[in-house]
Amino acid sequence: PHVVEKDVWRTDRKIFYPGDNSSEAKPILELMKRVLLAYHAHDPDLDYVQGMNDYLSVIVHLVIVQSKISVEEGEYLIFWMFANMMSLVV
């Protein structure tokens, strides 16, 4: 869990907001942390690997930024999109 939090805060925020708007990105980074921790609980056999946050950030960008779905509404969708993608990658 500590590695997840560390990596999430290292995620390139420019994918969400141009410039360095850390305060606007905070809810998205919190969402990413919840999704990665939930995924670990969903598939405990697969340990967190550095870089999963980068895969997740693309999904978050598509759902939250491009589709303009709220963080609250998009969390469930983002989790399952990520889980399905990981089942294909691993």
Side-chain angles (χ1 to χ4, degrees):
H2 177 66
V3 175
V4 168
E5 190 166 340
K6 225 172 159 181
D7 272 359
V8 164
W9 291 108
R10 289 185 199 145
T11 302
D12 184 7
R13 290 164 178 78
K14 290 179 186 159
I15 194 169
F16 310 123
Y17 298 101
D20 185 25
N21 250 338
S22 298
S23 62
E24 289 184 54
K26 188 172 181 182
I28 292 176
L29 298 174
E30 291 291 337
L31 161 81
M32 290 179 63
K33 183 173 84 172
R34 289 191 303 272
V35 168
L36 289 169
L37 291 174
Y39 181 74
H40 177 66
H42 171 74
D43 187 359
D45 293 334
L46 179 65
D47 286 334
Y48 176 79
V49 177
Q50 188 173 2
M52 284 181 170
N53 63 310
D54 293 323
Y55 285 119
L56 180 58
S57 69
V58 174
I59 295 171
V60 171
H61 176 78
L62 291 172
V63 173
I64 303 294
V65 179
Q66 293 295 316
S67 300
K68 301 192 186 311
I69 296 174
S70 73
V71 169
E72 295 78 20
E73 293 173 334
E75 189 163 349
Y76 178 82
L77 176 62
I78 290 166
F79 171 81
W80 286 109
M81 287 174 74
F82 182 73
N84 286 326
M85 183 190 69
M86 291 306 297
S87 71
L88 298 172
V89 173
V90 177

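What you are looking at is a predicted structure, and each value in this text was computed from that prediction instead of being measured.
- Within the 4.5 Å cutoff, side-chain heavy atoms of R10 are placed close to those of Q50.
- For OH of Y48, the number of neighbouring non-hydrogen atoms (other residues, nucleotides, ligands) closer than 6.0 Å is greater than 12.
- Between S70 atom OG and I64 atom CD1 the span is 6.5 Å, to the nearest 0.5 Å.
- Listed by first and then second residue, the salt bridge (Lys or Arg N to Asp or Glu O under 4.0 Å) pairs that reach into residues 79-90 come to none, sequence neighbours excluded.
- Under the side-chain hydrogen bond (donor to acceptor under 3.5 Å, both in side chains) criterion, the residue pairs touching residues 58-67 are H61-Q66, with sequence neighbours excluded.
- Atom CD1 of I28 is separated from atom CG of L56 by 11.0 Å, given to the nearest 0.5 angstrom.
- For the salt bridge (Lys or Arg N to Asp or Glu O under 4.0 Å) condition, no pair includes a residue of residues 35-62, sequence neighbours left out.
- By the side chain to side chain donor-acceptor pair (under 3.5 Å) test, T11 is found to be paired with N53, residues two or more places apart in sequence or in another chain being considered.
- For the side-chain contact (heavy atoms from CB on, under 4.5 Å) test with L77, the passing option among I59, V63, L62 is V63; the others fail.
- Between M52 and L36, the closest side-chain pair of non-hydrogen atoms falls below 4.5 Å.
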**Request:** Could you give me the CA-CA distance, side-chain angles and deciding distance for W9 and K26, then say whether side-chain contact (heavy atoms from CB on, under 4.5 Å) is met?
**Result:** CA-CA 9 Å; W9 291 108; K26 188 172 181 182; 4.0 Å; yes
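- With rounding to the nearest 0.5 angstrom, the CD1 atom of I69 is 14.0 Å from the OH atom of Y76.
- For residues 73-90, every residue pair satisfying the salt bridge (Lys or Arg N to Asp or Glu O under 4.0 Å) rule, not counting sequence neighbours, is listed here: R34-E75.
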**Request:** Begin with the C-alpha distance, continue with both residues' side-chain angles, and end with the deciding distance and a verdict on side-chain contact (heavy atoms from CB on, under 4.5 Å) for V60 and V35.
**Result:** CA-CA 10 Å; V60 171; V35 168; over 6 Å; no
In a table with atom names and distances, give each donor-acceptor pair under 3.5 Å that connects a side chain of residues 81-90 to protein atoms at least two apart or in another chain.
{"from": "N84", "atom 1": "ND2", "to": "W80", "atom 2": "O", "distance (Å)": "3.1"}
{"from": "S87", "atom 1": "OG", "to": "N84", "atom 2": "O", "distance (Å)": "2.7"}

